[in-house]
Novice: 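Here it is, the structure in full.
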There are 2 protein chains.
Amino acid sequence: MILGLLAIESNQSGYEIRKTVKGSVGYFWGESYGQIYPALKRLLAEGLIVARPSGSSGGRKRQEYSLTPAGRAALEEWLAIPYREDPPRDEFLLKLFFGAETAPSVSIAHLRRFQDRYRSTLAMIQQVEVLSQERNSNQPGFPFWMLTLKFGLAQIRSALEWSESALAMLTQAEQSALHHESTEANSDAPKA
Amino acid sequence: MILGLLAIESNQSGYEIRKTVKGSVGYFWGESYGQIYPALKRLLAEGLIVARPSGSSGGRKRQEYSLTPAGRAALEEWLAIPYREDPPRDEFLLKLFFGAETAPSVSIAHLRRFQDRYRSTLAMIQQVEVLSQERNSNQPGFPFWMLTLKFGLAQIRSALEWSESALAMLTQAEQSALHHESTEANSDAPKA
DNA sequence: ACACACATGTAATTGGTTACATGATTTC
DNA sequence: GAAATCATGTAACCAATTACATGTGTGT
């Protein structure tokens with residue numbers, strides 16, 4: 001990822017890379033500082049990037065990195081390797097799968113959280129789309145960036161559609177459960 | 001996950017749990033033996049499950065596990081905790097994102113691989129759907145199982161749709177690239 | 001006789017997060 | 001002068017895969 005980002009724009013610092021990530025590949029690839037800085041050192045040691053101190057624009061002294069020819073080659077080599085997908089781990093789906101082992105309200109809460117998150121990432125991606133179209137449409141990578149972005153949009157939209165029907169089903173189930181309860185406990189006439 | 005599976009069906013061995021996983025939650029939650037057996041030991045030590053040796057059905061002597069009341073409580077407690085999503089890491093999208101840094105054929109290859117995989121998981125899930133409808137439709141968990149399954153179906157379908165248009169775009173780009181090459185090198189009249 | 005499915009486990013290694021530590025510069 | 005942002009890094013810890021190790025019963 002670092003090599004790729006430096007290929008698109010060189011002379012970035014570790015801090016900057018982290019920020020660039022959040023604004024571009026962030027929704028399908030995240031890295032922490034604890035990952036980036038050691039990685040930069042390693043890449044430097046392997047001669048895939050070069051460092052250059054730069055007049056501290058912000059706070060501390062800052063290192064800017066760029067690709068070396070070897071780094072460029074390593075990037076292309078890596079790109080050609082078939083991607084591997086690691087075993088999926090979706091805690092949301094797992095909890096939903098076991099929904100029958102607990103109260104319906106629990107699953108409903110998960111679903112609402114799911115919707116909230118997806119709605120906000122949808123908004124974020126749409127914003128990135130607009131900004132990117134304004135500023136990057138002339139860059140060679142642009143078509144590919146749009147491709148990944150469109151993928152995200154499609155996935156999120158289908159997820160949100162699904163979540164609507166899922167939520168409808170669950171709230172209905174909860175209603176009938178409450179109804180059962182209240183008719184059963186009717187003779188007690190509870191106040192709260 | 002183990003607690004959940006044992007809640008649905010008790011008296012399962014580690015080996016069996018692994019198999020059950022593959023046939024049910026497999027496409028959104030995977031575990032390896034190196035994860036399951038230590039976890040079973042830990043759960044046993046914590047008193048959340050109990051072991052009982054069972055007449056070796058297959059090869060070696062076999063341990064069957066079931067939930068204890070404490071395990072049941074722990075499961076419900078866990079289900080109530082808001083799910084957390086860990087940082088996404090989609091190598092496919094990352095490689096596609098950097099598509100402009102390499103030959104179009106590379107990205108096309110990734111996309112084809114993507115389609116192949118998704119088509120086969122689609123087929124698998126559809127098969128699970130049919131089997132589950134035949135055999136589990138009376139179980140209390142059934143509606144939730146269908147929910148997660150429908151989610152998978154929706155995601156895969158939208159991914160495949162997207163991949164068609166993406167592939168169309170890339171093959172077109174490759175064609176025009178080839179065309180350029182041949183017209184540019186026309187005076188040389190290459191044979192291969 | 002051989003392979004395959006049943007069955008359980010461990011060790012090495014990797015990959016990655018989280019929290020901590022530090023500190024300068026800009027902005028309010 | 002406080003807070004936010006720029007900026008770099010390390011250490012502790014955890015989760016999880018992979019490969020290895022072992023062994024039996026069943027079907028062909």
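By convention in this document, chain letters (A, B, ...) are assigned in the order of the sequence lines, proteins followed by strands, and residues within each chain are numbered from 1.
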Novice: Rounded to whole angstrom units, what separation is found between the NZ atom of B/K61 and the C1' atom of D/dG25?
Specialist: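 Checked: the NZ to C1' distance equals 15 Å.
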Novice: Please state how far atom CD1 in A/I36 lies from atom C1' in D/dC6, giving the value in whole angstrom units.
Specialist: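 Roughly 14 Å, once rounded to whole Å.
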Novice: Hey, does A/Q63 have a side-chain heavy atom less than 4.5 Å from the side chain of A/S54?
Specialist: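 Answer no - side chains too far apart.
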Novice: Go through the steps to decide whether A/S107 and B/F144 satisfy the test side-chain contact (heavy atoms from CB on, under 4.5 Å), and finish with yes or no.
Specialist: CA-CA 9 Å; A/S107 301; B/F144 291 93; 3.6 Å; yes
Novice: Please give, in whole Å, the distance from D/dA4 P to A/Y15 OH?
Specialist: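 Rounding to the nearest Å, OH of A/Y15 and P of D/dA4 are 13 Å apart.
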Novice: Just the atom pairs and distances: protein N or O near nucleotides 9-14 of chain C's N or O, under 3.5 Å.
Specialist:
| residue | atom | partner | partner atom | Å |
| --- | --- | --- | --- | --- |
| C/dT10 | OP1 | B/K41 | NZ | 3.3 |

Novice: Side-chain N or O of A/S13 versus OP1/OP2 of D/dT8: is the shortest distance under 4.0 Å?
Specialist: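 Checking D/dT8 against A/S13, a side-chain N or O does come within under 4.0 Å of OP1 or OP2.
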Novice: Not counting sequence neighbours, list each pair that qualifies as a salt bridge (charged side-chain N to carboxylate O under 4.0 Å, His left out) and has a residue in residues 68-78 of chain B.
Specialist: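 Applying salt bridge (charged side-chain N to carboxylate O under 4.0 Å, His left out) to every pair that reaches into residues 68-78 of chain B, excluding sequence neighbours, yields A/E101-B/R72, B/R72-B/E76.
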Novice: In degrees rounded to 10°, what angle is found between the helical axes fit to the five outermost pairs at each end of the helix from C/dA1-D/dT28 to C/dC28-D/dG1?
Specialist: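 One end's axis against the other's: 30°.
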Novice: Quick one: salt bridge (charged side-chain N to carboxylate O under 4.0 Å, His left out) pairs with a partner in residues 149-177 of chain B, sequence neighbours left out?
Specialist: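 Qualifying pairs: B/R119-B/E164, B/E129-B/K150.
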Novice: Would you tell me if any nitrogen or oxygen in the side chain of A/K19 comes within less than 4.0 Å of OP1 or OP2 on D/dC6?
Specialist: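 Yes, A/K19 has a side-chain N/O under 4.0 Å of OP1/OP2 on D/dC6.
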Novice: Between A/D86 (CG) and C/dG16 (P), how many Å, whole number?
Specialist: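 One finds 8 Å between P of C/dG16 and CG of A/D86, rounded.
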Novice: Apply the test side chain to side chain donor-acceptor pair (under 3.5 Å) to residues A/T20 and A/Q12: give CA-CA distance (whole Å), side-chain angles for both, the deciding distance (0.1 Å), then the verdict.
Specialist: CA-CA 9 Å; A/T20 309; A/Q12 292 192 84; 2.8 Å; yes
Novice: At under 4.0 Å, does any side-chain N or O of A/R89 touch on OP1 or OP2 of D/dT17?
Specialist: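 Answer is yes, contact under 4.0 Å.
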Novice: Can you run down the salt bridge (charged side-chain N to carboxylate O under 4.0 Å, His left out) pairs that involve residues 17-34 of chain A, sequence neighbours left out, and say none if there aren't any?
Specialist: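 Applying salt bridge (charged side-chain N to carboxylate O under 4.0 Å, His left out) to every pair that reaches into residues 17-34 of chain A, excluding sequence neighbours, yields A/E31-B/R89.
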Novice: Rounded off to whole Å, could you give me the CZ-to-P distance for the B/R42 and D/dA16 pair?
Specialist: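 So the two atoms are 10 Å apart, to the nearest Å.
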Novice: Between A/F98 and A/V106, is any pair of side-chain heavy atoms under 4.5 Å apart?
Specialist: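 No, their side chains stay 4.5 Å or more apart.
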Novice: Can a side chain N or O of B/S32 be found less than 4.0 Å away from OP1 or OP2 on D/dA16?
Specialist: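 No, no such contact exists.
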Novice: Specify the residue among B/G14 and B/R84 whose closest nucleotide of DNA chain C lies further upstream toward the 5′ end.
Specialist: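 First, find each residue's nearest nucleotide; the 5'-ward one identifies B/G14.
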Novice: Would you kindly give the CH2-to-C1' distance between A/W29 and C/dT17, to the nearest whole Å?
Specialist: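 From A/W29 CH2 to C/dT17 C1': 15 Å.
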Novice: Tell me whether B/R62 forms a cation-pi arrangement with B/Y15, defined as NZ or CZ under 6.0 Å from the six-membered ring centre and within 45 degrees of its axis.
Specialist: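 So B/R62 doesn't make the cation-pi contact.
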Novice: Can you name the residues that form a ring pair (Phe, Tyr, Trp, His ring centres under 6.0 Å) with B/F142, not counting sequence neighbours?
Specialist: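 B/F142 satisfies ring pair (Phe, Tyr, Trp, His ring centres under 6.0 Å) with no residue once adjacent residues are dropped.
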Novice: Rounded to whole angstrom units, what separation is found between the CD1 atom of A/I2 and the C1' atom of D/dT8?
Specialist: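 For the pair A/I2 CD1 and D/dT8 C1', the rounded distance is 14 Å.
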Novice: Would you mind reading off the distance between B/R62 atom CZ and D/dT24 atom P, rounded to a whole angstrom?
Specialist: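 These atoms are roughly 18 Å apart.
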